[in-house]
Number of protein chains: 2
Amino acid sequence: MDKPRVGLKDVAALAGVSVKTVSNVVNGYVHVTPATRSRVEAAIKELNYRPNLSARNLRQGRTGIIALAVPELDIPYFAELARFVVTAAEERGLTVLIDQTGASREREQLVAEGFRAHLIDGLIFSPLALTPEDLAARMDDTPMVLLGERVYDGPADHVVVDNVAAAKEATLHLAATGRRRIAAIGAQDDVAAETSRLRLAGYFEALAEAGLPADDRLVQHVEDYHRADGARAMARLLDSGQAPDAVFCFNDLLALGALRTLLERGHAVPGEVALAGFDDIEDGRYATPTITTVSPDKQAIARQAVDLLAARMTKGSQAEAREIRVAYQLMIRESTGG
Amino acid sequence: MDKPRVGLKDVAALAGVSVKTVSNVVNGYVHVTPATRSRVEAAIKELNYRPNLSARNLRQGRTGIIALAVPELDIPYFAELARFVVTAAEERGLTVLIDQTGASREREQLVAEGFRAHLIDGLIFSPLALTPEDLAARMDDTPMVLLGERVYDGPADHVVVDNVAAAKEATLHLAATGRRRIAAIGAQDDVAAETSRLRLAGYFEALAEAGLPADDRLVQHVEDYHRADGARAMARLLDSGQAPDAVFCFNDLLALGALRTLLERGHAVPGEVALAGFDDIEDGRYATPTITTVSPDKQAIARQAVDLLAARMTKGSQAEAREIRVAYQLMIRESTGG
DNA sequence: AATTGTGTTTACAACGTTGAATACAACGAT
DNA sequence: ATCGTTGTATTCAACGTTGTAAACACAATT
């Protein structure tokens, strides 16, 4: 009942063949007599042999593990994304190890630097706080694919959604429903907050195009992209005496938080205030009202990321960095009168 | 720019010492002259050396990786739990690899059987569809901790919440607010659906204690525990002509789905129908109305699971299987008039 | 009968690391 | 001067696997 630690050696002994032959059977090598093969397979079964991956990996220089580094797992967007990544990786025989960076720059630096070196063959990384310099300073040569808008010139592949265009489209939709005072929730001061910057740019572009004045008092800054931040930001808007008739939230969690505040204070949505979000997480499809949102093709993001990574893992890193643009779709729902 | 693959050997050569001395420095062995140490450290830095974990693990027979197997990552309860597990594991220097079983019995069997053998030192497993026989048939001797009510007699540790008591308390609370026709959403036919069975038992116990008749038509069966299932089940209840005045949903996702259906059809919550859930996911705290729910101490669950696992990883498997009961709390919110 | 070919199996080395055993130097105590 | 003692560094083997090259058996060809 202790640990017998069965290895090829033991199987070989039992089957009366060499270690390599057992290895050949395990790896499906063709030139093995059916007789030998079945004898070996019987022995494997009897001893309940499992290949030791550490040894195999040591020998081959690969582990078959890729890491997915995301800010937080309990942010639904990343949870949904993680699920797709795991599935896509599985189809290629890869195992996914998930790292949570907690959106801390320090943790993100660690990840980029390769603190899992030799344990992972590749990295899919969704950075939040990382600066371009951090990325440029990256020494580790583990293949890496970045998720999120391309802002770095490093040799890393990117999978992106056109944040500016998507944010613009969402804001224009609000304008098209006749709203004049369209607020934005989700601006961030941090220079590294690229997502925030791009969506804000799209928001302003839309205002200009719709002929609406840009009013800084309608732009709410937040610390994080959680429900609580959205709720507080909405409260600030309502308390400002400059109540908006529409709000574009830079993600669905912010929108759900904002919605909560609006309903709690008795404002009708979309009657009084219309609401749009970003990410299309499942929560938004079951809220009342359902939330109009930008829906990035998460499955495509995951698949493209895994494909890019797999390519770089085999072809080596000399290839040119590629950028893949993924489709999105504006889902019009009840919160804007859809 | 290709792959130099730095090893102890290279560092040793550069520093002019033996391989083992470098190893000693890396592992913080005490008896190394400051001079030697700094020379080695310089060489490490210059070559950007990283220990090869595969080799280390091969040598030591451990990988420092534990697996967490859950049904689906984008079920908020498991996402929140995963986050706590990752954090708790990190504090012990362990890395967490997450497996999604998709609640399929086949995948769960694979996990229990140890298809990651030799890659993980331990397993935290939240099975849904696995039968006691499956678990009994488990050959793999990787330490394992089960999450969820104890229903198996195998030698595995368990971390549990008292589902019967918690469900009973939630249902009694509904009765205490004066409700007479309390429905239940979340029953399942599958014999392996232990969670469902226990929460249903608690529901019936509460009805009996409150002196309310048990009415099978008020018990709704579901396929999964997702929002969509809750929404459909609620629709069936409303269409049955036997509309309830309260509903106890076996998890918060079901409750959110049910809430959506109720509001969509113009029923007031809690005015007309009161609603209670289970799990205390963040969504429920931002829904309108906020959802009354049973809140298991997720952080405690995660910490206890990791502790149990760590203990079994060092002490070996001979120790008696332990069961740890974790606290829960009924959070009374707006959906029951709180 | 000797040669070539084809399919099957094997011995050996190496991947990068660390535990055990050992060598060596410096020092204080006998 | 000799003997331990202590601190520092080294050598060696082994973890379990697979790629390479070579050995072997046997059939088909010359």
Side-chain angles (χ1 to χ4, degrees), chain A residues 2-41 43-44 47-65 93 114 116-121 141-142, chain B residues 2-41 43-44 47-65 114 116-121 142:
Chain A
D2 39 358
K3 304 201 167 184
R5 286 276 167 229
V6 206
L8 285 180
K9 205 181 356 177
D10 310 283
V11 179
L14 178 60
V17 295
S18 80
V19 199
K20 189 66 222 272
T21 300
V22 182
S23 167
N24 285 336
V25 170
V26 171
N27 292 52
Y29 182 65
V30 229
H31 297 304
V32 183
T33 342
T36 316
R37 163 154 296 154
S38 59
R39 202 145 35 89
V40 170
E41 278 167 348
I44 287 181
L47 297 178
N48 189 32
Y49 164 79
R50 304 305 178 90
N52 180 320
L53 296 188
S54 285
R56 179 178 286 175
N57 298 336
L58 171 59
R59 188 57 233 254
Q60 304 190 134
R62 301 177 306 99
T63 63
I65 303 182
R116 294 252 190 272
H118 292 290
L119 176 56
I120 59 173
D121 296 339
D141 61 350
T142 306
Chain B
D2 39 357
K3 306 201 170 185
R5 286 279 166 230
V6 210
L8 285 182
K9 206 183 351 177
D10 309 282
V11 179
L14 179 59
V17 296
S18 81
V19 197
K20 188 63 222 276
T21 300
V22 182
S23 167
N24 285 337
V25 170
V26 171
N27 292 49
Y29 182 65
V30 230
H31 297 304
V32 183
T33 332
T36 315
R37 179 177 305 264
S38 60
R39 204 145 34 92
V40 170
E41 278 167 348
I44 288 181
L47 297 177
N48 191 30
Y49 163 79
R50 306 304 180 92
N52 182 319
L53 295 188
S54 286
R56 180 178 285 175
N57 297 336
L58 170 58
R59 187 56 233 258
Q60 304 188 328
R62 302 178 303 100
T63 65
I65 302 181
R116 292 252 190 273
H118 293 289
L119 176 56
I120 60 173
D121 294 341
T142 306

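Each chain gets a letter, A, B and so on, in the order the sequences are listed, and its residues count up from 1.
Rounded to 10 degrees, the angle separating the terminal helix axes of the helix from C:dA2-D:dT29 to C:dT30-D:dA1, each built from five base pairs, is 60°.
Straight-line distance from the CZ atom of A:Arg37 to the P atom of C:dT8: 10 Å, rounded to whole Å. Protein atom NE2 of A:His31 is 13 Å distant from nucleotide atom C1' of C:dG5, rounded to whole Å. For B:Asn57 and C:dT17, the CG to P distance is 11 Å, given to the nearest whole Å. The distance from atom OH of B:Tyr29 to atom C1' of D:dA9 is 9 Å, rounded to the nearest whole Å.
Closest of all the heavy-atom pairs between A:Leu58 and B:Ser54 is N-CB, 3.9 Å. The minimum heavy-atom distance between A:Arg56 and A:Pro51, with the atom names listed, is NH2-CB, 3.4 Å. Considering every non-hydrogen atom in both A:Val26 and A:Leu8, the closest pair reads CG2-CD2, 4.5 Å. Residue A:Thr21 comes nearest to A:Thr36 through the heavy atom pair CG2-CG2, 3.9 Å, listed as atom of the first residue, atom of the second, then distance. Taking each heavy atom of B:Val32 and B:Tyr29 in turn, the nearest pair found is CG2-O, 3.6 Å. Residue B:Val40 comes nearest to B:Val11 through the heavy atom pair O-CG1, 4.2 Å, listed as atom of the first residue, atom of the second, then distance.
Proximity of A:Ser23 to the phosphate of D:dT17: no side-chain N or O atom is located under 4.0 Å from OP1 or OP2.
Residue contacts for A:Thr33: at a heavy-atom cut-off of 4.0 Å it reaches the sugar-phosphate backbone alone, with no base atom in range.
Considering only residues two or more places apart in sequence or on other chains, A:Arg116 meets the salt bridge (charged side-chain N to carboxylate O under 4.0 Å, His left out) condition with A:Asp99.
Using modelled atom types, one finds no donor on one side chain facing an acceptor on the other under 3.5 Å when comparing B:Thr63 with B:Asn57.
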## Note on the structure
A correct 5'-to-3' footprint of nucleotides 10-16 of chain D, with B, S and - meaning base, sugar-phosphate only and no protein heavy atom under 4.0 Å, is BB-BBBB

